[in-house]
2 protein chains.
Amino acid sequence: MRFMANLKFIDTISREGSIRKAADKLAITSTALNRRILQVEEEIGQPLFERLPSGVRLNTAGEIFVQHIRSQMADLARVQSQIADLSGIRRGHVRVASGADALRHFLPEAVAGYRREHPAVTFEMTRCYGDAAEASLLSLDTDIAMSFAPVRAAHFHVAAGVRQQIYCLMNEAHPLASRDVIRLRDCVGHPAILPNVMSGIRHLLDTALIRRNLELNTILESDSFEFMQNYLLHDEALSFQIPIGLAGSVETVVDSGIAGIVARPVDTADVPPGVIHIGYLKGRVLPVAAAKFLDDIIHQLQQRFPDETGL
Amino acid sequence: MRFMANLKFIDTISREGSIRKAADKLAITSTALNRRILQVEEEIGQPLFERLPSGVRLNTAGEIFVQHIRSQMADLARVQSQIADLSGIRRGHVRVASGADALRHFLPEAVAGYRREHPAVTFEMTRCYGDAAEASLLSLDTDIAMSFAPVRAAHFHVAAGVRQQIYCLMNEAHPLASRDVIRLRDCVGHPAILPNVMSGIRHLLDTALIRRNLELNTILESDSFEFMQNYLLHDEALSFQIPIGLAGSVETVVDSGIAGIVARPVDTADVPPGVIHIGYLKGRVLPVAAAKFLDDIIHQLQQRFPDETGL
DNA sequence: TTCGTGTGATGCAATTTTTGCACATCATGT
DNA sequence: ACATGATGTGCAAAAATTGCATCACACGAA
């Protein structure tokens, strides 16, 4: 996109913090890049960067301008998507930021299903924790965010929410495997494997434990659900997960997940369910491809969790 | 603005309907312009214009793209205004579309007052009738619209509304000049001078006349209030106007308007008051200069018509 | 201090891009 | 059949961009 080049350059420099680094990334020489920036600054009438010995940094005017640039680039993507849609085949690029839970089985399935109908659409899936998803919306690095955490940011437009109860995962030979519902106090004493402190599941668990003055025997922490789940095959420990992170429906988790691992709901009186929020930046008009994908996943969530979907 | 040149070119071509005409207006040769357009079309991946023997016309993709371009240009103006505001002196360009009424005395005063405080701000005042104001908002040719007509378009964000009663203007020697309130039936028989059929005043009058099955003795139609008012000096005729089109406050109209002409309210039971709507394109963020000017005029309207201002 | 290494800015020649002229091509109206 | 207006294109001139070498500066380590 020739007519957007200069704007893209400024955006890159602001991210890299240095003209030379940005020039490397953009595959042009630093002097050419430098002069383009000087030219734009002259056209604007004011400098956009502070020149520091260690590089450059946006000044106030630059902050405003870069925000404008990002919004323009996102808007251009939307327009292109809309124009491409006219020719019948839907093109476009969809950028999703999500917690690790949904990235395991739900989103792969959803993306594959979507691409089966629209093979010209490309995707970019970023794993991130809580606030990061919302931040990436604001910097327009992401179109759609899925976050298993309370929505804090006012700029997050919630398109749908799905209640998710915490499930306890264990080897099918585990003594607790015979129960239909797990109480939190039953878990005490058993070795426990917990997700990263940034995780929404962990947050819910920690809050519940403090409130009931309980403590788990935490033997392992990880941010890889796959690792944790596989570990259960070799040790009589407990792990925790939400339904969207499990393959297939909850009832069939024994078969469809990793063989030999079962999931049992934790009593909601002990740990209240959390909510997965799906949404986008308030005020944005999503590109066609992204908007339709959002529709798709909301529809699939409604089918899979008919009683838990709200909004 | 170098980096917006191509976009501006496309916008101009779409307005002129011909590459050559646009090239003349842009002071470059048609061949250069033509090739730039071809280049952009190639980058977009689809043609934006239909080539007709009589010139070019936007196709569907072009319509979408041009709308995007206009929005970008308006947004850039906002950003520039915002950046300029950082340096203390407020710069910017404010474009207002208004009916003739407010353009007579109210807006000149308001602009002069604003420019006294912010001399670096420039203005562009366009006179237009009813729907045209709202249309110019949509094509982003205008920042602020004032319209004495019912708001029909859904994209018009009404920032304020001022109720305006119809007044009857006449020579101070006119037999009706002694009355405090004019009834519509009193006007029948006297020669009447009416504003253009597009005018909001005319619309209110016509509706009222039809409802009461009355007919005025219309001797003159014009779209120039100044002409109509001056005509009253030389003939015992009646004309109509709303307060905002009269100089000073209603009470002092005898002195501050054209000497020898008086204004008398028409009974609201005969002709209901209309509303002047002031607003901008829904969803737009106005440039600083325009936003502040809007605040200004709303404030001044509230001071001048304290009981008639709503919203 | 002194040196090395990073930063952005600049003069000048080479290169790439853009432009303008002349002309081709096409459709339409007279 | 012709004139007229439109967009598209080959080619040489003009203009803009780029890359190299270099400058000026600030910081950190020896």
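Quick note on labels: first sequence line is chain A, next is B, and so on, each numbered from 1.
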Every protein N/O lying under 3.5 Å from an N/O of nucleotides 14-20 of chain D:
residue, atom, partner, partner atom, Å
D:dT18, OP1, A:Arg36, NH1, 2.4
D:dT18, OP2, A:Arg36, NH1, 3.4
D:dG19, OP2, A:Thr29, N, 3.2
D:dG19, OP2, A:Thr29, OG1, 2.3
D:dG19, O6, A:Arg35, NH2, 2.4

Counting only pairs under 3.5 Å, give me each side-chain donor-acceptor contact of residues 193-203 of chain B, with atom names and distances, residues two or more places apart or in other chains.
residue, atom, partner, partner atom, Å
B:Asn196, OD1, B:Met198, N, 2.8
B:Ser199, OG, B:Ile201, N, 3.0
B:Ser199, OG, B:Arg202, N, 3.3
B:Arg202, NE, B:Asp206, OD1, 3.3
B:Arg202, NE, B:Asp206, OD2, 3.1
B:Arg202, NH1, B:Pro195, O, 2.9
B:Arg202, NH1, B:Glu221, OE2, 3.4
B:Arg202, NH2, B:Glu221, OE2, 3.2

Please set out all donor-acceptor pairs under 3.5 angstrom arising from side-chain atoms of residues 44-51 of chain B, sequence neighbours excluded.
residue, atom, partner, partner atom, Å
B:Arg51, NH1, B:Glu41, OE1, 3.3
B:Arg51, NH1, B:Glu41, OE2, 2.9
B:Arg51, NH1, B:Phe49, O, 3.1
B:Arg51, NH2, B:Glu41, OE1, 3.0

> Does A:Arg20 get its side chain close enough to the base of C:dG8, under 3.5 Å, for a donor-acceptor pair?
Replying inline: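 Present.
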Determine all donor-acceptor pairs shorter than 3.5 Å in which one atom belongs to a side chain in residues 10-17 of chain B; sequence neighbours excluded.
residue, atom, partner, partner atom, Å
B:Asp11, OD1, B:Arg15, NE, 3.4
B:Asp11, OD1, B:Arg70, NE, 2.6
B:Asp11, OD1, B:Arg70, NH2, 3.2
B:Asp11, OD2, B:Arg15, NE, 3.1
B:Thr12, OG1, B:Lys8, O, 3.0
B:Ser14, OG, B:Asp11, O, 2.7
B:Ser14, OG, B:Arg70, NH2, 3.2
B:Arg15, NH1, B:Asp141, OD1, 3.2
B:Arg15, NH1, B:Asp141, OD2, 3.1
B:Arg15, NH2, B:Asp141, OD1, 2.7
B:Glu16, OE2, B:Lys25, NZ, 3.0

> Between the axis at one end of the helix from C:dT1-D:dA30 to C:dT30-D:dA1 and the axis at the other (five pairs apiece), what's the angle to 10 degrees?
Replying inline: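 Here the helix ends are tilted 20° relative to one another.
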> Hey, is B:Lys292 close enough to B:Asp295 for a salt bridge, meaning N to O under 4.0 Å?
Replying inline: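 No, B:Lys292 and B:Asp295 are not salt-bridged.
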>> Could you check whether any side-chain heavy atom of A:Leu26 comes within less than 4.5 Å of a side-chain heavy atom of A:Leu33, counting everything from C-beta outward?
In response: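 Result yes, sub-4.5 Å side-chain heavy-atom pair found.
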> Side-chain contact, heavy-atom cut-off 4.5 Å: B:Phe65 with B:Leu7?
Replying inline: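 Answer yes - side chains close enough.
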>> Counting only heavy atoms and a strict 4.0 angstrom limit, can you tell me which residues of residues 47-66 of chain B come near DNA chain D?
In response: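 Output list: B:Arg51, B:Pro53, B:Ser54, B:Gly55, B:Val56.
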>> Whether the B:His93 and B:Glu124 side chains hold a donor-acceptor pair (N or O, under 3.5 Å, no angle test) is what I'd like checked.
In response: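 Per modelled atom types, B:His93 and B:Glu124 side chains form a pair under 3.5 Å.
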> Any side-chain N or O of B:Asn34 under 4.0 Å from OP1/OP2 of D:dG8?
Replying inline: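 Result: yes.
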> With under 30° as parallel and over 60° as perpendicular, where do the rings of B:Tyr114 and B:Phe123 fit, or are they tilted in between?
Replying inline: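 Taking B:Phe123 first and then B:Tyr114, their aromatic rings stand perpendicular (interplane angle over 60°).
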